[in-house]
Amino acid sequence: MATREPPPPQAADSLLDVERSFGQRLAYAGRFLWRDRSGMIGLVLFLVVVAAALFAPQISPYNPLAQNLRDSKIPPAWYQGGSLDYLFGTDNLGRDIFSRIIYGTRVSLTVGFFGVLIAGTLGLVLGAIAGYVGGRVDSIIVGGVNMVLSLPYLLFVVFIASILGRSLINVILIFGITDAPIFARVTRGEVLRIRESGYIESAISVGARSGRIIFDHILPNLIGPLITLATFEMSRMIFYEAGLGFLGLSVPPTVPSWGNMLAAGRKYLTSSPWIATFPGLAIMFTSLGMNLLGDWLRDVLDPRLRRSRK
Amino acid sequence: MAKVLEVKDLVTKFYTLDGVVHAVNGVSFDLDEGETLAIVGESGCGKSVTMLSLLGLIPSPPGKVERGNAFFSGGTGRCDLLQLAAPELRDVRGGQIGFVFQDPISSLNPILTVGEQIAESLTRHLGLTREQAHRRAIKLLEEVGIPEAAQRYDSYPHHFSGGMRQRVMIAIAISCSPSIIIADEPTTALDVTVQAQIVDLFKRLRDMIGMAIIWITHDLGVVAGLAERVLVMYGGRVAEVALVDDLYERPQHPYTHGLLGALPRIDTDGSRRLVSIDGTPPDLLIPLVRCPFAPRCAYAFERCWEEIPQLMPAGIQHQVACFYDIERGGPRSG
Amino acid sequence: MQRYLFSRLAQSLLILIGLLIIVFFMVRVTGDPASLMMSREASPESIAAFRHKMGFDRPLIVQFWDFLTHVVVGDFGNSLHFKTPALPLLLERLPATVELATIGLIMAMLIAIPLGLIGGFNPGSSIDSIGRGLALLGQSIPNFWLALILILFFAVKLRWFPSFGRDEFKSVILPAFVIGLPTMGQLVRMTRSAVLEIRGEDFVRTAHSKGLEPRVIYIKHVLRNVAVMLVSVIGVQYSYMLGGSIYIEAVFAWPGMGQLTEQAIGWRDFTLVQAIAVFGSVVVLAINLLTDVAYALIDPRIRYGD
Amino acid sequence: MAEKETLLRVINLRKHFPITGGFLGRQVAAVKAVDGVSFEIERGETLGLVGESGCGKSTTGRVILQLYRPTAGQVLFEDADLTKMSAEALRRLRPKMQMIFQDPYASLNPRHPVGKIVGEPLMIHGLMQGKALQDRVAELLELVGLNAAYVRRFPHEFSGGQRQRIGIARALSLNPSFIVCDEPISALDVSIQAQVVNLLQDLQAQLGLTYLFIAHDLSMVRHISRRIAVMYLGKIVELADRQTLFDEPLHPYTQSLISAVPVPNPKLERRRQRIILEGEVPSPINPPKGCVFHPRCPVAIDKCSRVEPQYQQVRPQHFVACHLVEPA
């Protein structure tokens, strides 16, 4: 009877037997990011915007509010008549557009971040209750969510904004509340999916209490899809905030926000087109970066994709 | 007897993000006219990929047939399926080789009537008019045992149960009287009593049409009463091929041996302990450099870790890819 | 099928009632509607008089009942600015908006669906890259800003199109393209992923195994299923475009409901804004309902489902 | 031999799932998944529960463990009625009765490492912590034949058979006396099935476990069970010890089921006469009147379509629900 020989070291039987260090796992994630270049671009764009908001006073050459009527409507540096003093030129009141763009990131990110925070929290709570409790509570929440989501969103945001009046808090609240149903819907769907999954049944069968099931099993599996959604929704809010500003319904006109700058620039479109051009480009690149980032996160954070490897 | 299909050294790989999946690693076999051949193996052994590769049905990319020949002798003479131009290969598919897939629920188009799905094959290969195809499709539905076939022609797949849908799939496969039907786990998704119906239907159609059947399965039980020859696959290679009685009575490959021992059976006393095969199936991301079964094999010796065993004769119409002779209890000579 | 439609209709009615409640209380709960509607300089006396005239001093529930019974018969009250009933003002503007959104949708579909189809059938090809780029831009470019840039370039510089108004047929091209851009992006994405999904379905493999010509498989098996998936997307996008008309009509001075909304906000004409909100929602609900009907008509799983 | 002791007694158990419809969510129908099921399980034995998809066998297992609360009936576990217990009382009793799940992919939390999955039941019940917990987890992993060094690995790194071993280790962690095995092998390959079945049998002998073994594979159920119950559309149609059930099946459904099971023996297969049933299992929403099996029954008489047959003991320890079988 032949005995079984120990396998030679190079012939691993299963990838399970290949020991991986933390560094190697990190390198794997890095390669994943590198393979998806667009995700990389998205991340870089997003980080640039965040850095601009954090270090606005250090980066911007001028006070974004400082008017200088003598230097009004100076074109960007690379145009005839432009000067390196004002990289992106100045607006009708002689304010430095570059500085205002930098400070504008603060308004956009504040609205995006707190809007998503409110919408996400509200949506998470509502969606989790609907999905976890089920029954009549679920029907009521789902009914409400479907109702809000079947309304013309923009029309409603404009309607509400026109009633509430211009302030940063109002804008954040409007987006935070009107966007909550989307988070609620996604959360509910995920909670239902997770709740139906075998591992929740398994947790119940070993005697886990609701607290453990919610915090140890459901929430961690919710985070991936919610982070992805938050990225897309934040991008959408930045976009819509600018839209409201464009209609004169967002933050007060004195605040340097991209929407306000667009609205102001619209009047000088033919004579000084750069006033409206740069805030639009800023919105575009921010939005682009976050969409790319969201696409990438969706692929990376989905454990279903990882599971399908086998 | 004339060979209807001869496959030689087929290699198929999938180039995925995780690496190269070595799905089929040099498979050769042949099939006689009117013969029923069972291809048995566990998930990931390459049995389905082998068959899909032959007819250009693997998703590509990521899949790629790297090399091999598949000589098919159908109504129009002998040709190599793997060298055939796309239009000619399409004439073979459905016309001379019919397919039945595992999952009858997802394998039918949900928004076309079942009748249309049968008829389109008829108009494509036999050149029937819509009218003729309609009549012939109803006839086929009757043949596969669907009651009130004329009314059922206009039904959509979701009106049918799993077993009925599989009957529709079979009607599509036999619609052009092919010389081969490839059935990929056709009863796995079905209940035992329905499985018996479908197996019965296959036997009846085989007697009626006389086509060869390649029955892909993981279940050595189902094919025992159906197949004339059995081919066992492991790790993307052929482990053993033999006439059905011979294979079940004196399996020569340790894997086949283990598989038969692992099955509980109702024809013997139930108190016997099952033979289990230790370990797990091979990871196909790792290229094959030795016998794929060696890590799980109780008989493996040095040679098994160093080279890939080729098929060797082990009796009448019996071949096995193993360096160890179980019956004699030592390395195989030659 | 009938039961399905009936239940969708009932759902829409419920949503409508909920919507009226939101609109009604939004105006009243967030502050004093009278001071909201009067100019900021108005004296307290005139505000009080206005409050009484509009009936804002009555109990909320009475006001709500009054509001409801009037809305049901199409009476949204008088516009504060024009001093005439609000509904005819809206209806007058509706055709322009419908024209804009419809042409925008058709333009978006004509560009997006072929790109999505080609991209889905040849992922990684150069046309696929163009399509995905367009999808990304459609999502990322603020279309109200793009409207300005296009006016600058095509109307002011090249003088190919008029920069505002609705006087000639050419007028609609720029605003329709801009209003359709986000939809175009969405449609490219959806079409592409629908094609990729359907192409990977088992029944497509079955169709290949029957030896059908690729053309037949694409048209009969893939495209029909893709169409089923796209119908609902297109419905949603159409309602979305009606909302987007606020910006685009404002920029292009397109005399539709969107422009009216912008103007009404400027005039602080809240009866009119309120009427637009309700009426716009009704239109959107009707579109959603029509989408569901269309969906049921082309998908046998719903048509013959129980 | 110790005296036979009844561990679990199921009396007339029913579980109907409501189907809601319309926009107000009214109940419009019910899926009668389990519709009046009674049996007993003795300590230390394996009762096999077999039937085709949709017959309610898995639901029965879950209702016994109160993962679904029953619509009617009693479940007496060591003489205590589980159906009347509060959630907290049930929770305290959970360590004694555990479940092994069908799908080894879904039943393990993808974000938890193996050590946590296996040790979680012990943490929940506050039985162990720190070093003791780690040692116990390692012991359990080795008990089910896994390398104890794998504690930090995640489920997606394992093969199906290995995951099922993890699931078994988790179920065993609390030293249960009763385990519901819900199709524990049907998602696995044949060679792996044997590993898991052997493991379950070894553990039973070693730890004195009692199993309710649910499966659709009749030959595997016969292999592992002492007694077998056959279910059809929410009801048990026949229950007997395995020898009797296979040698003298009395219910026509059992007979056809046994005849449909393929045998890996070509010579025997070619000779076998099959009773091939027509049609497929009807929907449990509107089960047939009278005997639920009568539309497919090859020997049905007029009475079968009108009167529901009594489930009764017709021979010693042999229960059947069929009009054509008279008590001996």
Side-chain angles (χ1 to χ4, degrees), chain B residues 40-45 145 147 161-164 187 189-197 199-200 218-228 230 243-249 255 258-281 283 296, chain D residues 50-55 145 158-162 187-199 201-202 216-226 242-243 246 253 256-272 274-283 296:
Chain B
V40 178
E42 298 174 281
S43 51
C45 74
S161 64
M164 298 270 271
T187 60
L190 307 173
D191 278 320
V192 196
T193 56
V194 183
Q195 168 173 291
Q197 295 168 2
V199 170
D200 196 51
H218 67 277
D219 187 345
L220 276 167
V222 177
V223 291
L226 184 72
E228 288 150 50
V230 180
L243 293 173
V244 65
D245 289 3
D246 209 23
L247 187 101
Y248 284 79
E249 271 163 32
Y255 175 64
L259 268 189
L260 283 166
L263 283 179
R265 42 211 293 176
I266 60 175
D267 57 330
T268 56
D269 177 26
S271 50
R272 174 186 62 102
R273 186 179 166 81
L274 298 180
V275 180
S276 85
I277 307 173
D278 286 341
T280 50
D283 197 321
R296 301 175 74 186
Chain D
V50 71
E52 296 178 281
S53 55
C55 73
F158 292 87
S159 69
Q162 289 168 321
L188 307 176
D189 278 321
V190 179
S191 69
I192 309 296
Q193 286 185 352
Q195 292 176 7
V196 172
V197 166
N198 285 347
L199 175 65
Q201 284 185 317
D202 293 346
H216 64 268
D217 178 352
L218 205 55
S219 41
M220 194 56 95
V221 169
R222 173 172 180 266
H223 176 79
I224 200 170
S225 314
R226 195 174 73 84
R242 74 163 171 218
Q243 201 66 41
F246 273 81
Y253 178 63
S256 59
L257 205 57
I258 292 173
S259 93
V261 174
V263 182
N265 179 342
K267 290 189 173 133
L268 182 69
E269 274 288 296
R270 282 194 288 267
R271 281 201 317 269
R272 272 175 90 196
R274 289 228 147 81
I275 308 168
I276 293 185
L277 289 181
E278 288 193 6
E280 285 168 57
V281 185
S283 152
R296 299 178 74 195

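Values below: every heavy atom of this structure, side chains too, minus hydrogens, waters and symmetry copies. Every chain is numbered from 1, with letters handed out A, B, ... down the list of sequences.
Only the side chain of D:Val197 comes within contact range of chain B, with at least one heavy atom under 4.5 Å from a heavy atom of that chain. With a threshold of 4.5 angstrom between heavy atoms, D:Ile276 approaches chain B through side-chain atoms but not through N, CA, C or O. Contacts between D:Leu277 and chain B at a heavy-atom distance below 4.5 Å involve backbone atoms as well as side-chain atoms. Residue D:Gln193: no heavy atom, backbone or side chain, is found under 4.5 Å from chain B. Only the side chain of D:Arg296 comes within less than 4.5 Å of a heavy atom in chain B; its backbone stays farther off.
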Start with the C-alpha distance between D:His223 and B:Leu274, add both sets of side-chain angles, then the distance that settles side-chain contact (heavy atoms from CB on, under 4.5 Å), and finish with yes or no. CA-CA 9 Å; D:His223 176 79; B:Leu274 298 180; 3.3 Å; yes
Which is it for B:Glu42 and D:Ser191 under the side chain to side chain donor-acceptor pair (under 3.5 Å) test, yes or no, and what are the steps along the way? CA-CA 8 Å; B:Glu42 298 174 281; D:Ser191 69; 2.7 Å; yes
Quick one: do D:Arg274 and B:Asp200 satisfy side-chain contact (heavy atoms from CB on, under 4.5 Å)? Show the steps, please. CA-CA 9 Å; D:Arg274 289 228 147 81; B:Asp200 196 51; over 6 Å; no
Show your reasoning for whether side-chain contact (heavy atoms from CB on, under 4.5 Å) applies to B:Val192 and D:Leu218. CA-CA 9 Å; B:Val192 196; D:Leu218 205 55; over 6 Å; no
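Listed by chain and number, the residues in a side chain to side chain donor-acceptor pair (under 3.5 Å) with D:Ser283 amount to none (sequence neighbours excluded). Considering only residues two or more places apart in sequence or on other chains, D:Arg270 meets the salt bridge (Lys or Arg N to Asp or Glu O under 4.0 Å) condition with B:Asp245.
Listed options B:His218, B:Glu249, B:Gln197 were ranked by heavy-atom pairs under 4.5 angstrom with chain D; first place goes to B:Gln197.
The shortest distance between side-chain heavy atoms of B:Leu259 and D:Pro264 does not fall below 4.5 Å. Between D:Asp202 and B:Arg273 there is a side-chain heavy-atom pair separated by less than 4.5 Å. Annotation: side chain of B:Thr193 is in contact with side chain of D:Leu257 (closest heavy-atom distance under 4.5 Å).
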